[in-house]
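These notes concern the structure reproduced below.
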Amino acid sequence: MADLIAELAGALGEANVLVSEQDQAPFLTDWLGKYRGAARAVIRPGSADDVAAAMRICARHGAPVVPQGGNTSMSGGATPDSSGTAIVLSLARLNRIRDIDTVSNTITVDAGVVLAKVQQAAQAAGHFFPLSLGAEGSCTIGGNLAANAGGVAVLRYGTMRELTLGLEVVLADGRIWDGLTALRKDNTGYALRDLFIGSEGTLGIITGAVLKLFARPHARASAFVAVENTAAALSLLAAVRDRCGDRLTAFEFMTGECLSLILRHIGDARLPLSAMPQAAVLIELSDQDDEPALRERLEAALAESIESGLVPDAAIAQDGTQAKAFWRIREGVSEALVREGKAAKHDVSMPVSAMADFVAAADIAVRTVAPGVRPIVFGHLGDGNLHYNLLPAEGQAPEAFAALAPELTRIVHDEIGRRRGSISAEHGIGQLRVSEMPLRKAPLELELMHQLKHLLDPAGLLNPGKLLPAATRN
Ligand code: FAD
Ligand code: MLT
Ligand code: ZN
């Protein structure tokens, strides 16, 4: 052990090898406070070459490595296990914006750059980087890539995989794959880039990326709209899409229970409607025209739905401040859930057409097993992605609910299975869902994944216990 630490300190500098409990503490628990791990050391390399040197040293000593970006994972992906054998490799010091090419519409960044910084740099260059999520002030580009993050603008711009052109990756043996190309077309073999995206730190450590930039929207129009339920929200989605086309950038759904929870726990959140609705949708349009014209287009699209009775109430933001207040509600949900207590969280996706039926069936099924259980449902409805969270019945002891949670999760995921959906739409499998992989993935898929893992990381040093269950390794 001493040799390992000494060698790492020799390669990275002592200040970048954290061994004290106090220094390591922020790196050893996850954002939800669900997982607490232990590490031999937390290391903070400052470049891709540093990462490569560290990986060669760890490979020589057979030390497992847990890559960590902003540590905002919702599935415990960046938290080491409790064995204390792992090295946590933080990418936080790889924080340079390497290049902005306003002709090719690309930005090249280190993997440790915080998402909000990339958004700001693109804006400063008169362009736009669309990935947007509640954790954007602390999550990193490397974490967004490793988890193939989604967020609130997927409807228009796609997931992180669709926003990425090139990658730089350090392999488990310390070799560096330089795939940092800015090519939108390149048919020269297997798409290695896409293999590393979504691999949750189990196939390689991403140290750099070339990302797509877009024209900066000059106009935004936002509305907070009441609807009866999921089915009504889907009808509204079709109506708005029909009238507004690709200008539709976000369509975020929240049930009434979810809204009540947010208003209870998020002090500066205010309901912009005259009464608490059954459910609500936050709609955003964006384009290159002028804002009044875009707002008129949104008003016209909603007017038809108000007339038809589909929409009982709606508020349209008259300026950026009001739009921000709408988003404060939506972005407050994760925090509100944590303040309310331990929720059984589910990040699921299915065909958009199956969502209303899923919510109805899941609500009945979970209430049969756990009377009084409180579904808190919200999410990226236009992408077929819902966060179906369950809170204990009012007054129920947390331990009693915790004992029920595995059964409730099985029920929710069985409903997803019936609709050929996914048990992880955007948060990743991490350690939260790894035990379910043999139940939810076909044996052939798991076998192919294990063979790829074995090819790229034969010693199994990269993020062990995440994504792939150990037992079925070939
Ligand atoms: P970490 O949490 O540090 O790591 C995530 C995973 O990636 C881990 O498995 C880790 O080992 C691996 N990893 C990290 N960096 C690297 C690297 N450079 N190379 C290889 N592997 C690496 N996610 C969404 O998709 N959509 C949302 O709307 C969304 N909203 C959120 C809201 C809140 C309030 C919070 C707390 C989280 C939210 N998330 C959301 C989840 C999370 O923010 C994302 O998964 C994000 O992409 C993680 O980035 P990170 O830098 O924090 O990664
Ligand atoms: C969101 O959409 O807010 C996130 O994915 C986070 C969550 O599920 O809590
Ligand atoms: Zn989400």
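Predicted, not measured: the structure shown is a model, and the values here were computed from it. Ligands are counted one by one from 1 in listed order, and the atoms in each one are counted from 1 as well.
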Would you mind running through ligand 1 and noting each atom that sits below 4.0 Å from a heavy atom of [X]?
{"X": "Gly204", "result": "20 (C)"}
{"X": "Asn144", "result": "46 (C), 47 (O), 49 (O)"}
{"X": "Ala147", "result": "45 (O)"}

Are there any protein N or O atoms under 3.5 Å from the N or O atoms of ligand 2? List them with distances, or say none.
from, atom 1, to, atom 2, distance (Å)
ligand 2, 2 (O), Arg330, NH2, 2.6
ligand 2, 2 (O), His380, NE2, 3.1
ligand 2, 2 (O), His387, NE2, 3.1
ligand 2, 3 (O), Arg330, NH1, 3.1
ligand 2, 3 (O), Arg330, NH2, 3.3
ligand 2, 5 (O), His387, NE2, 3.0
ligand 2, 5 (O), Glu426, OE2, 3.0
ligand 2, 5 (O), His427, NE2, 2.6
ligand 2, 9 (O), Ser334, OG, 2.9
ligand 2, 9 (O), Lys345, NZ, 2.9

Residue list, side-chain hydrogen bond (donor to acceptor under 3.5 Å, both in side chains) with Asp347, at least two apart or on another chain: Asn385, His387

message: For a distance under 2.8 Å, give residue and atom name for each protein N, O or S atom next to the Zn ion (ligand 3).
response: His380 NE2, His387 NE2, Glu426 OE2

field: Closest to atom 27 (C) of ligand 1 (judged by heavy-atom distance), picking from Lys466, Glu335, Glu426
entry: Glu426

message: So, 4.0 Å and heavy atoms of His380: is ligand 1 close enough to count as a contact?
response: yes

Test item, Met74 contacting ligand 1 (heavy atom, 4.0 angstrom): yes

Quiz: residues 148-155 side-chain donor-acceptor pairs under 3.5 angstrom, not counting sequence neighbours:
from, atom 1, to, atom 2, distance (Å)
Asn148, OD1, Thr159, OG1, 3.3
Asn148, OD1, Met160, N, 3.4
Asn148, OD1, Arg161, N, 2.8

- request: Indicate yes or no: does an N/O atom of Gly150 lie under 3.5 Å from an N/O atom of ligand 1?
  value: yes

query: Do Ser222 and Glu284 get their side chains close enough for a donor-acceptor pair, meaning under 3.5 Å?
result: yes

